[in-house]
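Below, each value reflects all heavy atoms present in this structure, side chains not excepted, and no hydrogens, waters or symmetry copies.
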Amino acid sequence: MKSATFPSIRVEPELRDAAESVLDEGETLSGFVEQSIREGIERRRNQSEFIARGIASREAARRTGDYLPASDVLEKLERRLDALRDTRRKPR
């Protein structure tokens, strides 16, 4: 498959300097930009999927009338966070 290019963009010198200042050893600015684009695409896909799941869940709840009280959901999330915090506090 033949490779393609992204259009070049003009940025303020400060932005370019900031990007160059965080490059890892041996990393190129082009590689950093490519990775940033890949991560941005993945983040947007995840956001879209998350929203779609939320809308589907809302519609299912409306259809069935099966709702959970917010306090129950928050309590469950709090327990999950506590468990994760405990896991991170334990020495390895």
Calculate, to the nearest 0.5 Å, the distance between atoms [atom1] and [atom2] belonging to [X] and [Y] respectively.
X     : Y     : atom1 : atom2 : result
Ser36 : Arg43 : OG    : CZ    : 9.0 Å
Arg79 : Glu75 : CZ    : CD    : 5.0 Å
Glu20 : Thr28 : CD    : OG1   : 10.5 Å
Leu68 : Leu74 : CG    : CG    : 11.0 Å
Gln35 : Ser30 : CD    : OG    : 13.0 Å
Ile41 : Glu39 : CD1   : CD    : 10.5 Å

Leu29 versus Arg16, closest heavy-atom pair with distance =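 Minimum heavy-atom separation between Leu29 and Arg16: CD2-CZ, 3.6 Å.
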Partner residues of Glu34 under the salt bridge (charged side-chain N to carboxylate O under 4.0 Å, His left out) criterion, sequence neighbours left out =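 Scan of Glu34 (salt bridge (charged side-chain N to carboxylate O under 4.0 Å, His left out), adjacent residues dropped) gives Arg38.
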With sequence neighbours excluded, what pairs up with Arg58 under the salt bridge (charged side-chain N to carboxylate O under 4.0 Å, His left out) test?
->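 Scan of Arg58 (salt bridge (charged side-chain N to carboxylate O under 4.0 Å, His left out), adjacent residues dropped) gives none.
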Is there a donor-acceptor pair closer than 3.5 Å between any side-chain N or O of Ser48 and the backbone N or O of Arg44?
->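 Checking the backbone N and O of Arg44 against the side chain of Ser48, a donor-acceptor pair under 3.5 Å is found.
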Would you say the side-chain atoms of Ser57 pair up with the backbone N or O of Gly54, donor to acceptor, closer than 3.5 Å?
->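 Not a single qualifying donor-acceptor pair exists.
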Could you tell me whether Glu12 atom CD has more than 12 heavy atoms of other residues or ligands within 6.0 Å of it?
->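 No, because the 6.0 Å sphere around CD of Glu12 holds 12 heavy atoms or fewer from other groups.
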Are Arg89 and Asp86 within salt-bridge range, i.e. N to O under 4.0 Å?
->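 A salt bridge links Arg89 with Asp86.
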Considering only NZ, NE, NH1 and NH2 on the basic side and carboxylate oxygens on the acidic side, decide whether Arg85 and Glu78 come within less than 4.0 Å.
->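 Yes, this pair counts.
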Does a side-chain heavy-atom distance below 4.5 Å link Val22 with Phe32?
->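 Touching, per the 4.5 Å side-chain cut-off.
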Worked verdict on Glu49 versus Asn46 for side-chain contact (heavy atoms from CB on, under 4.5 Å) | CA-CA 5 Å; Glu49 291 168 6; Asn46 288 338; 4.0 Å; yes
Shared ILVMFWY cluster between Val33 and Phe6, side chains joined below 4.5 angstrom?
->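 Same cluster.
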